[in-house]
Peer 1: 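Pasting a structure here, questions to come.
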Amino acid sequence: MVARRKVAVVGVALSDCGRVDDATPYALHAQAARRALADAGLDRSLVDGFASAGLGTLAPVEVAEYLGLRPTWVDSTSVGGSTWEVMAAHAVDAIAAGHARVVLLAYGSTARADVRAGRRTGTLSFGTRGPLQFEVPYGHTLIAKYAMAARRHMIEYGTTIEQLAQVAVQARANAALNPEAMFRTPVTVDEVLAGPMIADPFTKLHCCVRSDGGAAVLLAAEEYVRDCRTSPVWVLGSGEHVSHAAMSEWADFTVSPAAVSGRLAFERAGVRPDEMDFAEIYDAFTYMTLVTLEDLGFCGKGEGGAFVEKGRLRVEGGGLPVNTDGGGLSAQHPGMRGLFLLVEAVRQLRGEGGARQVRRGADGGLPRLGVASGTGGWFCSSGTVVLGVG
C-alpha cells in the first residue's frame with residue numbers, strides 16, 4: 001500500500017472585502033489567488049489543481065481560464081456555505097493520493113455591490129423546482145427556515161432570545177479587534193433585541209451582513225512545504241455530511257449536519273473537541289453558531305444557550321474564541337463564506353491574528369489546534385476541517 005502524503009495549507013489570503021463597488025467577481029477571485037500565492041511564495045506553475053464554485057456557467061472552468069490555469073485536477077462541488085470545507089477535504093485526498101501536488105481554492109462575490117447597483121435583488125429563495133416547490137409558494141424563505149429552526153430550539157430547550165443575541169454581541173466584540181471587519185462598533189444585547197424584525201425571532205443583528213469579497217487557500221503536498229515562505233498548517237482530519245433539502249425531511253430542527261461532519265473530522269484527526277484552541281463556525285444567523293457548538297461537541301445538546309451567554313466566544317477572556325475575525329455577523333459575508341473560515345483559522349495558527357490573536361492558557365502561547373466548520377443551505381450540508389501546527 002502506497003503511503004499517503006501529508007497535506008498542508010501553505011498560503012491564504014482575502015481580496016478587498018466589505019464595500020467593493022469597482023471590481024467584478026472574477027477580479028476578486030484573481031486578487032485573492034495572487035495574494036495567496038504570494039503568501040506561500042510558490043510559483044503559479046506548480047498549481048495543478050483548482051476548485052471553485054458559484055461563478056460562471058461552467059464553474060470552475062471559466063474562473064480557471066480567467067486565472068490562466070490549466071488544472072489536471074478540478075472540483076466544482078457546490079453545497080452552499082460548506083462548499084469550501086468539503087472542497088478542502090477533497091483536495092487533501094487528491095494530493096495525498098498523488099493526483100495533484102498544489103491545489104488552489106478560490107472564491108469571489110460582489111453580492112453587496114450587485115444589489116446596490118440593481119444587478120440583482122435580495123435572495124428570498126433558491127427557486128421553486130424540485131423539493132422546494134412544496135415550500136416556496138407559502139413564503140418559506142431561506143431566513144424563515146433558520147428562524148423556524150431557532151424557535152424549535154427555544155421551545156425544546158428553553159434557549160432565550162437574549163442568549164442568541166449574545167452570539168451577535170460577542171462576534172462584534174471580536175470584529176472590533178479586526179481592522180478588516182466591516183462593522184466594528186460594539187453592540188449590546190438590548191441593541192440586538194431592539195432592531196427591526198426580519199424573521200421571528202431574528203432581528204437585523206441576528207443576521208449576517210451582506211458584503212463583497214473573495215478568499216483563496218493554497219494546499220500543497222508535504223514535499224513542497226520546505227519551498228514555502230510560510231509555516232505549514234497541517235490538515236489533520238475532515239468530515240462532510242448532507243442532511244436534507246426539504247424541511248419536511250429534516251428529522252430534528254435542533255441537530256445540524258455538523259453533528260456528523262464534526263464527529264468524523266475529530267475522529268480522523270485523532271483529537272477531541274476540548275483540545276481545540278478556537279473554532280471558526282459558519283454564522284449566517286446567530287442560531288447557526290449556537291447549534292453548531294453543540295453538534296461539534298463543545299457542549300451538550302440543549303446547552304448552547306448557557307454556553308454562549310457568559311462571554312465564552314470572545315477572543316479577549318473567552319474560554320473558546322469563536323469566529324475570531326468577527327464572522328459573517330460582523331466581518332464580511334459575500335455569500336458562500338466557508339473559505340473565509342479556513343483563511344482565519346490558518347492565520348490564527350500562524351500567529352498572524354494581530355490584536356485578535358488567540359493565546360493558549362496561562363503560558364500565552366500560540367494556538368496549536370483549531371477547527372473550521374461550514375454549513376450550507378438551511379442546515380442542508382456541513383463540512384468540518386481540523387487544522388494543526390507542529
Side-chain angles (χ1 to χ4, degrees), residues 81 142-177 183 185-209 250 252-259 262 273-274 276 278-331 333 337 341 371 373-375 378-379 382:
L142 172 66
I143 186 171
K145 297 177 183 185
Y146 280 103
M148 187 166 68
R151 181 62 73 185
R152 181 70 253 169
H153 198 280
M154 296 169 77
I155 293 171
E156 193 79 18
Y157 297 109
T159 306
T160 68
I161 192 63
E162 289 82 8
Q163 290 171 333
L164 286 171
Q166 275 287 351
V167 175
V169 169
Q170 293 171 60
R172 184 63 63 87
N174 292 344
L177 305 173
F183 294 96
T185 303
V187 295
T188 66
V189 168
D190 288 342
E191 287 173 326
V192 175
L193 301 185
M197 183 62 68
I198 305 300
D200 185 34
F202 295 149
T203 53
K204 182 178 179 179
L205 292 178
H206 283 279
C207 309
C208 66
V209 302
W250 189 2
D252 187 340
F253 287 9
T254 70
V255 178
S256 79
D274 61 12
M276 297 299 105
F278 63 88
E280 309 297 339
I281 292 174
Y282 207 97
D283 62 340
F285 306 99
T286 53
Y287 176 58
M288 296 176 74
T289 302
L290 184 146
V291 76
T292 304
L293 284 167
E294 293 179 350
D295 292 334
L296 291 178
F298 292 113
C299 59
K301 178 52 59 182
E303 298 174 2
F307 185 87
V308 305
E309 67 181 349
K310 302 298 183 183
R312 199 175 262 118
L313 314 186
R314 294 175 183 260
V315 170
E316 295 182 334
L320 177 71
V322 172
N323 296 337
T324 51
D325 62 347
L329 292 170
S330 288
H333 197 299
R337 191 179 179 272
L341 308 181
V371 60
S373 188
T375 303
W378 36 98
F379 289 114
S382 177

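As the structure is a computational prediction, the values presented were derived from the model and not from experiment.
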Peer 1: Got a second to check how far L293's CG is from S256's OG, nearest 0.5 Å?
Peer 2: 10.0 Å
Peer 1: According to the salt bridge (charged side-chain N to carboxylate O under 4.0 Å, His left out) rule, which pairs have a member within residues 285-297, sequence neighbours left out?
Peer 2: E294-K301, D295-K301
Peer 1: Please report the closest heavy-atom contact between C207 and I143, naming both atoms and the distance.
Peer 2: SG-CD1, 3.6 Å
Peer 1: Measuring from D274:CG to L320:CG, what's the distance to the nearest 0.5 Å?
Peer 2: 10.5 Å
Peer 1: Using 0.5 Å steps for rounding, measure from the SG atom of C299 to the CG atom of L290.
Peer 2: 7.0 Å
Peer 1: Any salt bridge (charged side-chain N to carboxylate O under 4.0 Å, His left out) pairs touching residues 278-292, not counting sequence neighbours?
Peer 2: none
Peer 1: Mind checking ring pair (Phe, Tyr, Trp, His ring centres under 6.0 Å) for F253 and listing every partner two or more places apart, or none if nothing turns up?
Peer 2: W250
Peer 1: Any idea which heavy atoms bring T292 and A258 closest together, and the distance?
Peer 2: CG2-CB, 4.0 Å
Peer 1: Take I281 and M288, measure what side-chain contact (heavy atoms from CB on, under 4.5 Å) needs, and give me the verdict at the end.
Peer 2: CA-CA 8 Å; I281 292 174; M288 296 176 74; 5.8 Å; no
Peer 1: If a pair satisfies salt bridge (charged side-chain N to carboxylate O under 4.0 Å, His left out) and one of its residues is in residues 157-170, list it, with sequence neighbours excluded.
Peer 2: none
Peer 1: Scan for salt bridge (charged side-chain N to carboxylate O under 4.0 Å, His left out) pairs involving residues 185-205, sequence neighbours excluded, and state none if there are none.
Peer 2: R151-D200
Peer 1: With the side chain counted from C-beta on, respond yes when Q163 and F307 share a heavy-atom pair under 4.5 Å apart, and no when they do not.
Peer 2: no
Peer 1: So which heavy atom on P201 is nearest to which on A150, and how close?
Peer 2: CG-CB, 4.4 Å
Peer 1: Taking all atoms of both residues into account, what is the closest heavy-atom pair of G297 and P273, and its distance?
Peer 2: O-CB, 3.9 Å
Peer 1: Once side chain to side chain contact (heavy atoms under 4.5 Å, CB included) is applied, do any residues pair with E156, and if so which ones, sequence neighbours excluded?
Peer 2: R152, T254
Peer 1: Hey, what do you get for CG (L164) to CG (L205), rounding to the nearest 0.5 Å?
Peer 2: 13.0 Å
Peer 1: Would you say the side chain of F379 lies within less than 4.5 Å of the side chain of K145, judging by non-hydrogen atoms?
Peer 2: no
Peer 1: Looking only at heavy atoms, which two atoms of A331 and R337 are closest? And how far apart?
Peer 2: CB-NH2, 4.3 Å
Peer 1: Could you pull out all donor-acceptor pairs under 3.5 Å where a side-chain atom in residues 167-176 meets a protein atom, sequence neighbours excluded?
Peer 2:
unit_1 : atom_1 : unit_2 : atom_2 : d
Q170   : OE1    : R312   : N      : 3.3
Q170   : OE1    : L313   : N      : 2.8
Q170   : NE2    : Q166   : O      : 3.3
Q170   : NE2    : Q166   : OE1    : 3.1
Q170   : NE2    : V308   : O      : 2.6
R172   : NE     : S330   : OG     : 2.8
R172   : NH1    : T185   : O      : 2.7
N174   : OD1    : V315   : N      : 2.8
N174   : ND2    : L313   : O      : 3.2
N174   : ND2    : V322   : O      : 3.0
N174   : ND2    : N323   : O      : 3.4

Peer 1: Check side-chain hydrogen bond (donor to acceptor under 3.5 Å, both in side chains) between T159 and all other residues, then give those that pass, not counting sequence neighbours.
Peer 2: H153
Peer 1: Who are the ring pair (Phe, Tyr, Trp, His ring centres under 6.0 Å) partners of F202, not counting sequence neighbours?
Peer 2: H206, F285
Peer 1: Do L193 and T203 have side chains that get closer than 4.5 Å, going by heavy atoms?
Peer 2: no
Peer 1: According to ring pair (Phe, Tyr, Trp, His ring centres under 6.0 Å), who are the partners of Y282, at least two apart in sequence or on a separate chain?
Peer 2: H333
